[in-house]
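Below: the structure, in structure tokens.
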Amino acid sequence: QKPLFDYEMEAEKALHYLEGIPVYSLFSGLLPAVFLISYERLYRQPVIHRIGCLRERLESLGNKIAVKVDWSTVDPESPVYSSIMDDLEDLEIQTSRCVSLLYKFPGQYRLVEALVDGGQAVVDDRNVQKAVFKALSKHSNIMAASPESREYVFSAGLSGIASADAETGTDTRQRMHVSIEENKTIRVVYGRAKVQGTTLFK
């Protein structure tokens, strides 16, 4: 009986088709799979689900891939695709930064999110402070150096208290700034803010 399927002939047809297919058509056919694979790889990163800004960007990226792309007429020159590729690149960079920072600050997800999302963070929690000091302790040259000065700021809101000089307005906030230099010199700066927006220093 003659074989119903000639695998050699079918393989030659497939190779002939691949050799003659335009690059544009090949890219258009692979583009949906490339996007979905990239999204899945990012989704499988545990850090993305622990960092709020990464999770929001991933959700926005998934919505853009699923809703804003017309897969029936794939056009690689569409601005939607360039936007998706830019979002993928940014999300990959931010994810790698979070992974690197979590290696230095284990378990400090809020600190890492603040650093990645805003570029700076206020370290006011004792546990976070310990994590930062522990990371800095690995660099002996930083921890061994003595600070050149220490600064203290005392602030008090005085809204509603009338000023001695009626023309200058009502005090809204007073602040005392004390700087202690290495040679024990003490410098005190007293600031008083006014309702008009001016600030007086003594």
Any link between Leu58 and Leu36 through a network of hydrophobic side chains (Ile, Leu, Val, Met, Phe, Trp, Tyr) touching at under 4.5 Å? yes
For a side-chain contact (heavy atoms from CB on, under 4.5 Å) check, start with the C-alpha distance between Ile48 and Tyr43, then their side-chain angles and the critical distance, and finish with the verdict. CA-CA 7 Å; Ile48 283 189; Tyr43 183 84; over 6 Å; no
Supply the atom-to-atom distance Glu92 CD to Arg97 CZ, rounded to the nearest 0.5 angstrom. 12.5 Å
NE2-CD distance between His16 and Glu12, expressed to the nearest 0.5 angstrom: 10.5 Å
Spell out, yes or no, whether Val122 and Val112 are grouped together once hydrophobic residues are joined by side-chain heavy atoms under 4.5 Å, including indirect joins. no
Partners of Arg44 by salt bridge (Lys or Arg N to Asp or Glu O under 4.0 Å), sequence neighbours excluded? Glu40
Does Thr95 use its side chain to pair, donor to acceptor, with the backbone of Leu91 at less than 3.5 Å? yes
Mind running side-chain contact (heavy atoms from CB on, under 4.5 Å) on Leu42 and Leu88 for me, showing each step along the way? CA-CA 9 Å; Leu42 289 170; Leu88 281 171; 3.8 Å; yes
How long is the span from the CG atom in Leu61 to the NZ atom in Lys68, to the nearest 0.5 Å? 11.0 Å
Dump the intermediate steps for side-chain contact (heavy atoms from CB on, under 4.5 Å) on Leu101 and Leu115, then the final yes or no. CA-CA 9 Å; Leu101 287 172; Leu115 292 174; 4.2 Å; yes
Contact summary for Leu102 and Gly107, nearest pair of heavy atoms: CD2-N, 4.3 Å
May I have the step-by-step check of side-chain contact (heavy atoms from CB on, under 4.5 Å) for Lys64 and Ser83, ending in yes or no? CA-CA 9 Å; Lys64 188 178 295 186; Ser83 175; 2.8 Å; yes
May I ask you to decide if Leu54's main-chain N or O and His49's side chain share a donor-acceptor pair within less than 3.5 Å? no
Looking at side-chain heavy atoms only, is the closest gap between Asn63 and Glu59 below 4.5 Å? no
Minimum heavy-atom separation for Phe105 and Ala135, please, with both atom names. CE2-CB, 3.5 Å
SB check Asp90 Arg57 (cutoff 4.0 Å): no
Grab the two heavy atoms, one from Cys98 and one from Val47, that are nearest each other, plus how far apart they are. CB-CG2, 4.0 Å
How far does CG of Asp87 sit from OG of Ser82, to the nearest 0.5 angstrom? 9.5 Å
Considering only residues two or more places apart or on different chains, which pairs with a residue in residues 101-113 satisfy side-chain hydrogen bond (donor to acceptor under 3.5 Å, both in side chains)? Ser100-Lys104
Under a single-linkage definition using a 4.5 Å side-chain heavy-atom cutoff for Ile, Leu, Val, Met, Phe, Trp and Tyr, are Met85 and Ile65 assigned to the same hydrophobic cluster? yes
Counting only heavy atoms not in Gln120 (residues, nucleotides, ligands), do more than 12 fall under 6.0 Å from its CD? no
In terms of ring plane angle, is the pair Tyr81 and Phe35 parallel, tilted or perpendicular, where the classes change at 30° and 60°? parallel
